[in-house]
Amino acid sequence: MEYDLPVPCVFAVYRIIPMFWNLLLSFKKWNFLSANIWVGLKNYNMMIKDPVFWESFRNTVIYFAAGSPTAIIFAILMALLVNQNIRGRNTYRSIIFLPYPLTTVAIGIIWKWLYNEKVGLINYVLRSLGIIDKNIPFLDSFNWALPSVIITSIWQVVGFFMIIILTGLQSIPEQLYEAAELDGASPRKRFYYITLPLLKPSIFLCFIIGIINSFTMFDLVYVMTNGGPGHSTEILVSYIYKNAFTFSRIGYAAAITVFLFLFLLFITSIVNKFSGEEAGGVNYYE
Amino acid sequence: MRSKTKRNLLWVSAVLLILLGSPVLWSGGQKETAGKAAGGEKKISILTWNISFYEKNIRGWISDFEKDNPNTKVEWLDKKGSEWDTFFQTQLASGNAPDVLDIQGPLFAKYAAMGALLEVGQYIDKDAETKDRYNKNIIKSAYTYNGKVYEVPFYFAPSVLYYNKIMFKNAGLKKIPETFDELMNYAGKLTKEEKSGFLTLNFDWYWWPLFRCNGVRLLTPDNRKAAFNTEVAVKTLETLAEMTQKGAIAKISWTARWKVPNDAFGAGNIGMYYSNGSAYHNFAKSGAEWVSPDTVGVGSFPGRWTLPGSHGFAINSASKYPEKAWKLVKVITDDKWSEVFIKRTNIFTGNNKIDNEFLKSPELQKDQLKLDILKTQLQNMDRLTGPTIAQDARVKDAFYNELQKALFGEKTAKAALNSAEKAINSILSE
């Protein structure tokens with residue numbers, strides 16, 4: 001409590017001031033060198049009419065909607081498995097967690113080779129098993145590129161989610177299961193009426209991390225596809241980067257950033273509502 | 001309570017100090033470093049484009065320059081191609097951009113239009129040493145924007161058509177294609193199982209000669225409107241899409257950038273490879289023992305259309321010491337260092353005397369393939385294509401993404417060209 005002022009000061013320097021600076025830039029035309037010119041809502045008008053912006057937005061929503069829930073489902077299943085009393089379970093846990101500490105760039109490069117149409121391991125395995133008779137150009141296809149990148153991001157994060165869920169699982173009191181078993185509850189009922197409700201805080205935490213990941217997975221997209229082919233894997237952050245640093249359209253990039261910020265605010269408020277409107281709340285008196 | 005207020009005031013002061021001091025630390029402070037070194041010495045900096053392998057010689061440039069300019073120190077920075085533009089722009093914004101810049105291709109036009117580059121044409125003409133040093137053709141075609149010269153040549157490697165003589169022989173082909181139709185016909189004949197008939201680079205407009213050789217123009221002569229949306233262009237794109245779907249044109253032509261296409265040709269699976277003149281040194285390096293004058297040939301692309309493949313040195317218009325920056329450029333492009341460069345890389349430097357001497361050198365005469373590559377590049381200097389416009393990156397992005405959609409069957413050729421035309425006209429009208 002005694003050091004309460006420095007925190008808002010640092011927060012202001014690194015968050016609030018840049019945010020307002022960005023908002024200001026979104027009403028201007030600037031290219032790093034020229035004097036910035038006030039253009040009012042022109043950048044926002046351009047944004048609404050820009051088909052690439054809408055494609056990037058659509059892809060961002062797909063990343064978010066498909067990536068996080070799938071990763072959480074897999075994480076729950078794996079956490080349930082490695083929570084069993086099986087031999088070598090710590091080894092399994094470590095192996096599943098292993099991808100998370102790897103740098104995203106390394107993961108992008110590894111998966112790029114795995115997905116390779118001519119020499120990629122995935123095509124080789126699928127062909128060997130007779131599942132496909134013609135190699136799939138995963139990252140070079142308009143239909144496959146987006147799911148391929150999403151699968152990679154799920155692979156990266158699922159181990160981390162599993163650890164969070166596992167921690168949640170291990171904090172559920174054993175006597176609840178024993179009481180339910182005595183009352184004749186089947187394993188499925190025990191999962192739905194005990195495990196799942198008590199895992200809610202862990203799942204909520206995974207969901208929040210998933211949201212952040214989906215909106216900031218610039219590095220994976222940049223390394224694996226650079227937004228292509230066409231703009232089929234372009235997401236809002238990569239499109240912001242391109243506009244700012246490739247096209248030198250800082251004002252336009254700032255306008256898209258404002259949109260992204262408002263969209264994130266909207267998503268967060270919905271998630272907050274579903275979590276009982278206490279997301280991030282701390283009760284000092286408990 | 002009092003001590004808490006004191007502590008808070010102390011924190012506020014510290015944060016304000018950081019805030020107010022940061023421009024000095026990030027910009028002014030470094031300006032001091034870039035501008036004046038200790039003891040009244042001047043300091044200039046040079047930013048190169050992904051040539052860290054050349055470090056020993058770069059140190060040599062700097063050493064020679066510093067010998068002639070004892071009060072000026074040179075700082076060298078090198079960035080990979082993917083980082084260069086971002087790095088330079090953030091340095092521009094902080095007012096701390098390097099003095100001398102090695103820029104790839106038509107990117108310099110963006111910075112020239114922004115007013116970030118000095119017009120170096122005035123230096124070239126005024127200086128007796130440089131007046132006749134550089135190849136005037138390449139200066140006019142690749143280093144001039146809006147009639148003004150903004151760069152001097154560092155190196156250039158105009159595009160050529162490499163071909164696999166073994167695959168040609170097996171397909172019964174005896175000469176290289178001279179028209180687009182012949183090119184596509186050959187590509188079809190050369191395609192078998194894992195082998196593709198044709199491969200092109202796709203960055204920096206390398207795919208554009210495929211249209212240009214059919215007479216299609218990208219923009220109107222005043223560069224204000226798209227001019228490519230014609231019946232011929234639609235037909236060309238339809239053919240390219242069909243050949244891509246058949247595998248006669250390798251799909252990596254439209255998705256990979258530099259290493260992958262070079263490795264593919266080096267692996268012996270590509271019949272014809274339209275690429276930068278310097279690609280030979282890359283595909284011959286990738287474990288391709290089969291590459292020799294007997295197995296790899298080189299020739300002109302149909303219509304002799306070529307991309308300059310150029311890098312040039314520009315001077316930052318905000319440089320505190322533009323005269324010193326020019327002196328450094330002069331050292332780098334003088335006879336001594338141009339000779340070192342061409343001997344090390346076999347890439348033209350734009351220094352007339354040295355390039356011509358190298359072509360006649362006994363060591364080059366012994367290597368027929370290298371000689372053919374360089375001669376082919378020179379033959380086509382009058383057929384350089386690709387725009388030099390300020391909006392190059394946006395125009396390229398708008399066109400290429402639509403092109404990809406047509407090539408991969410997402411759109412018809414007509415629809416893709418219509419969308420590209422609309423987008424490019426909108427960009428050019430801003």
Side-chain angles (χ1 to χ4, degrees), chain A residues 1-14 17 29-35 39 42 46 49-52 55 112-113 116-119 134-135 137-145 222-223 225-232 234 239 241-250 252, chain B residues 3-5 7-12 14-16 18-19 22 82-83 85-94 97 110-111 113-116 194 250-252 254-257 260 264 267 269 317-318 390-391 393-394 397-398 400-405 407-411 419 423 426-427 430:
Chain A
M1 284 292 280
E2 286 187 11
Y3 291 93
D4 50 358
L5 198 55
V7 177
C9 280
V10 172
F11 191 72
V13 170
Y14 290 106
I17 295 172
K29 188 180 178 183
W30 187 47
N31 64 11
F32 287 111
L33 198 68
S34 63
V39 292
K42 197 179 168 191
M46 278 197 294
K49 290 175 193 163
D50 181 359
V52 184
E55 200 174 345
K112 220 174 145 174
W113 284 109
N116 190 289
E117 187 184 356
K118 300 230 167 175
V119 294
K134 202 179 160 197
N135 285 4
F138 288 104
L139 296 176
D140 298 339
S141 141
F142 278 81
N143 298 326
W144 282 99
Y222 189 76
V223 173
T225 61
N226 197 19
H231 288 286
S232 62
E234 197 85 77
Y239 194 49
Y241 176 84
K242 268 185 194 165
N243 272 288
F245 296 108
T246 308
F247 306 151
S248 303
R249 302 169 80 201
I250 307 300
Y252 187 58
Chain B
S3 72
K4 186 186 163 188
T5 316
R7 243 193 313 262
N8 280 338
L9 272 173
L10 208 67
W11 271 104
V12 172
V15 170
L16 280 174
I18 292 168
L19 263 180
S22 56
S82 53
E83 299 162 8
D85 206 15
T86 309
F87 176 78
F88 179 55
Q89 288 181 87
T90 49
Q91 296 294 295
L92 266 183
S94 71
K110 175 172 90 172
Y111 292 113
M114 279 162 65
E194 294 298 302
K251 270 188 188 158
I252 51 169
W254 315 115
T255 51
R257 274 184 71 84
V260 175
N269 292 328
S317 61
Q391 307 93 329
R394 288 180 66 195
D397 185 73
Y400 192 67
N401 285 302
E402 290 301 327
L403 189 82
Q404 272 187 322
K405 283 178 188 166
L407 292 166
F408 291 114
E410 290 293 305
K411 264 187 178 180
S419 302
S426 162
I427 293 165
E430 276 176 23

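Each chain gets a letter, A, B and so on, in the order its sequence line appears, and its residues count up from 1.
- Contacts between B:K405 and chain A at a heavy-atom distance below 4.5 Å involve backbone atoms as well as side-chain atoms.
- Only the side chain of A:P137 has a heavy atom closer than 4.5 Å to any heavy atom of chain B.
- The shortest non-hydrogen separation linking A:F245 to B:K110 is O-NZ, 4.2 Å.
- Contacts of A:A244 with chain B are made by backbone atoms alone, with heavy-atom separations under 4.5 Å and no side-chain atom involved.
- Within a 6.0 Å sphere centred on CD of B:E194, heavy atoms belonging to other residues, nucleotides or ligands number 12 at most.
- Between chain A and the residues B:L407, B:L92, B:D397, the most heavy-atom pairs under 4.5 angstrom are made by B:D397.
- Shown here are the salt bridge (Lys or Arg N to Asp or Glu O under 4.0 Å) partners of A:K242, two or more places apart in sequence or in another chain: A:E234.
- Using a 4.5 Å cut-off between heavy atoms, A:S248 touches chain B through backbone and side chain atoms alike.
- Put simply, the side chain of A:N143 reaches to within 4.5 Å of the side chain of B:E410, judged on heavy atoms.
- For a residue to count as touching a neighbouring chain, one of its non-hydrogen atoms must lie under 4.5 Å from one of that chain's; by this rule B:S82 touches chain A with backbone and side chain alike.
- Residues A:L33 and B:G115 share a closest heavy-atom pair of CD2-C, 3.8 Å.
- Note that CG of A:D140 is 9.0 Å distant from CD of B:Q404, once rounded to the nearest 0.5 Å.
- For the residue pair B:F408 and A:P229, the shortest heavy atom distance occurs at CE1-CB, 4.4 Å.
- Looking at every heavy atom in both residues, B:N401 comes nearest to A:H231 through ND2-NE2, 2.9 Å.
- Remark: A:M46 CE to B:E430 CD distance equals 5.5 Å, nearest 0.5 Å.
- Between chain B and the options A:W30, A:F142, A:Y241, the largest number of non-hydrogen pairs under 4.5 Å is found for A:F142.
- Taking CG from A:N31 and CE from B:M114, the interatomic distance works out to 4.0 Å, rounded to the nearest 0.5 Å.
- Note on B:A393, B:A256, B:A116: by heavy-atom pairs under 4.5 Å with chain A, the leading option is B:A393.
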